[in-house]
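As structure tokens, the structure follows; a few thoughts come after it.
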Amino acid sequence: MVIVLTVTAALAGAALGYTHLLTEQPIRLAQKAKQEASIRKVAPTFDNAPAEERIVRKLDDNSTIYIYPAKQGGEWVGAAVESFSKNGFGGQIDIMVGFEKDGTIRDYTVLKHAETPGLGSKMETWFHQDKNRQSVIGKNPASDRMSVSKDGGDIDAITAATISSRAFLEAIQRAYNAYMNQNNDAVSGASPVVKENPEDKPQKRGGPQP
């Protein structure tokens with residue numbers, strides 16, 4: 001009986017291992033394709049391979065920001081920056097934001113979030129819309145305050161989703177800070193360039209946000 005169980009467990013383990021080998025490469029390729037598509041969407045036109053020239057920046061809490069340089073003829077024309085905030089209504093928000101050479105926001109895409117559908121999830125489109133003071137496109141954090149208007153900033157929060165909006169704009173500001181320091185120790189393991197903000201207390205999900 002013991003021998004039968006041992007053989008069965010070994011066969012099951014081998015099958016699982018084989019399945020993992022079969023699926024690992026396609027998953028990795030799909031993730032790479034998604035990353036490259038996000039870079040192309042937000043970054044200025046480039047003739048280099050941004051993903052292969054990735055700059056890694058470690059923050060004070062050992063979390064990481066990735067900078068993908070966009071170059072033409074070997075010269076920087078901007079970048080795509082993979083950034084985040086831990087202060088979303090539903091947890092961490094991951095974004096890819098593109099900058100022109102001078103730090104002007106060119107475009108963004110939301111990579112991952114757990115915000116409330118119909119409220120915080122609107123960040124995927126809200127900050128693109130050229131309506132009132134919603135859009136971040138064409139803004140430059142050097143002169144435009146990347147915080148919601150109720151906090152004295154220049155951007156209108158998503159209706160009934162202020163916490164999500166704050167988190168999104170925090171991720172934008174964090175990306176900008178990293179990008180504008182890209183020439184300082186621009187290698188893997190570079191020194192911290194931004195400080196973490198104190199995290200908001202956990203919020204109950206489902207209804208309008210403060």
Side-chain angles (χ1 to χ4, degrees), residues 27 30-43 57-68 79-99 104-141 144-179 193-210:
I27 290 173
Q31 291 173 338
K32 181 180 179 181
K34 182 179 179 181
Q35 178 193 70
E36 292 178 345
S38 296
I39 293 171
R40 285 195 300 272
K41 178 180 185 296
V42 303
R57 289 199 171 278
K58 292 292 185 180
L59 307 184
D60 286 347
D61 66 349
N62 288 322
S63 56
T64 306
I65 284 185
Y66 301 104
I67 303 171
Y68 302 95
V81 182
E82 189 174 337
S83 184
F84 69 93
S85 170
K86 297 180 179 180
N87 296 323
F89 193 66
Q92 182 159 318
I93 294 168
D94 297 319
I95 67 171
M96 184 82 78
V97 54
F99 295 99
T104 298
I105 298 168
R106 184 179 183 276
D107 202 353
Y108 75 86
T109 186
V110 178
L111 302 175
K112 183 179 179 182
H113 74 84
E115 302 304 276
T116 306
L119 292 173
S121 65
K122 289 182 178 179
M123 72 178 73
E124 296 174 347
T125 57
W126 179 275
F127 299 104
H128 278 115
Q129 297 180 32
D130 187 17
K131 179 181 178 181
N132 300 321
R133 297 193 298 172
Q134 290 179 206
S135 179
V136 299
I137 309 304
K139 298 287 195 304
N140 191 315
D144 298 296
R145 291 166 294 183
M146 289 293 106
S147 55
V148 298
S149 53
K150 70 183 298 182
D151 295 338
D154 292 329
I155 309 298
D156 287 342
I158 301 168
T159 304
T162 304
I163 293 173
S164 299
S165 301
R166 285 175 175 147
F168 173 84
L169 294 172
E170 177 189 22
I172 291 282
Q173 184 68 54
R174 177 174 284 119
Y176 173 80
N177 292 349
Y179 170 63
V193 294
V194 292
K195 298 287 186 179
E196 289 289 74
N197 293 328
E199 294 187 6
D200 293 338
K201 293 180 180 179
Q203 303 288 331
K204 294 182 179 179
R205 298 179 60 191
Q209 303 171 21

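It should be emphasised that the depicted structure is a prediction, and the values quoted were computed from it without experimental measurement.
- Counting all heavy atoms, side chain and backbone alike, Gln134 lies closest to Ile155 at O-CG2, 3.6 Å.
- Legend: residues meeting side chain to side chain contact (heavy atoms under 4.5 Å, CB included) with Ser149, ordered by chain and number and at least two apart, are Arg133, Asp156.
- Lys86 NZ to Arg174 CZ: the interatomic distance, rounded to the nearest 0.5 Å, is 8.0 Å.
- To the nearest 0.5 angstrom, Ile93 atom CD1 is 8.5 Å from Asn87 atom CG.
- For the pair Met96/Tyr68, a side-chain contact is recorded, criterion being any heavy-atom separation below 4.5 Å from C-beta on.
- For Asp151, the side chain to side chain contact (heavy atoms under 4.5 Å, CB included) criterion is met by Val148, Arg166, not counting sequence neighbours.
- Residues satisfying the side chain to side chain contact (heavy atoms under 4.5 Å, CB included) test with Ala171, not counting sequence neighbours, are Ser83, Ser85, Ile95.
- Pairing each heavy atom of Glu124 with each of His113, the nearest pair is OE2-NE2, 3.1 Å.
- The side-chain heavy atoms of Ser164 and Met123, taken from C-beta on, include a pair separated by under 4.5 Å.
- When the side chain to side chain donor-acceptor pair (under 3.5 Å) test is applied to Thr64, the partners found at least two apart in sequence or on another chain are Lys58.
- Considering all non-hydrogen atoms of both residues, Lys139 and Pro141 come closest at O-CD, 4.0 Å.
- Between Trp126 and Val136, every side-chain heavy-atom pair lies at or beyond the 4.5 Å cut-off.
- Remark: Arg40 engages no residue in a salt bridge (Lys or Arg N to Asp or Glu O under 4.0 Å) (not counting sequence neighbours).
- Annotation: cation-pi geometry not satisfied between Arg106 and Phe99 (NZ/CZ under 6.0 angstrom from ring centroid, within 45° of ring axis).
- The ring pair (Phe, Tyr, Trp, His ring centres under 6.0 Å) search around Tyr176 returns none, not counting sequence neighbours.
- Nearest heavy-atom pair, Leu169 versus Met146, reported as atom, atom and distance to 0.1 Å: CB-O, 3.5 Å.
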Requested in this report: Tell me, with the steps shown, if Ser121 and Glu115 meet side-chain hydrogen bond (donor to acceptor under 3.5 Å, both in side chains).
Outcome: CA-CA 5 Å; Ser121 65; Glu115 302 304 276; over 6 Å; no

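- Distance check: Ser63 OG to Arg57 CZ gives 13.0 Å after rounding to the nearest 0.5 Å.
- Take Gln92 and apply the side chain to side chain donor-acceptor pair (under 3.5 Å) test, not counting sequence neighbours, and it matches Asp94.
- Between Val42 and Ala80 the shortest heavy-atom distance is CG2-CB, 3.7 Å.
- With sequence neighbours excluded, the residues forming a ring pair (Phe, Tyr, Trp, His ring centres under 6.0 Å) with Phe168 are Tyr108, Phe127, listed by chain and number.
- Taking Arg145 as the reference, Asp154 meet the side chain to side chain donor-acceptor pair (under 3.5 Å) condition, with sequence neighbours excluded.
- Atom-to-atom distance recorded for His128:NE2 and Asp130:CG is 12.0 Å, nearest 0.5 angstrom.
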Query raised in the report: Stepwise, does the side chain to side chain contact (heavy atoms under 4.5 Å, CB included) test hold for Thr109 with Asp107?
Result: CA-CA 7 Å; Thr109 186; Asp107 202 353; over 6 Å; no

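- For Leu119 against Thr159, the heavy-atom pair with the smallest separation is CD2-O, 4.0 Å.
- Note that CD1 of Ile158 and CD1 of Ile163 are 11.5 Å apart. Values are rounded to the nearest 0.5 Å.
- Not counting sequence neighbours, Ser147 has no partner by the side chain to side chain donor-acceptor pair (under 3.5 Å) test.
- A distance-only check finds a donor-acceptor pair linking the side chain of Ser38 to the backbone of Lys34 [under 3.5 Å].
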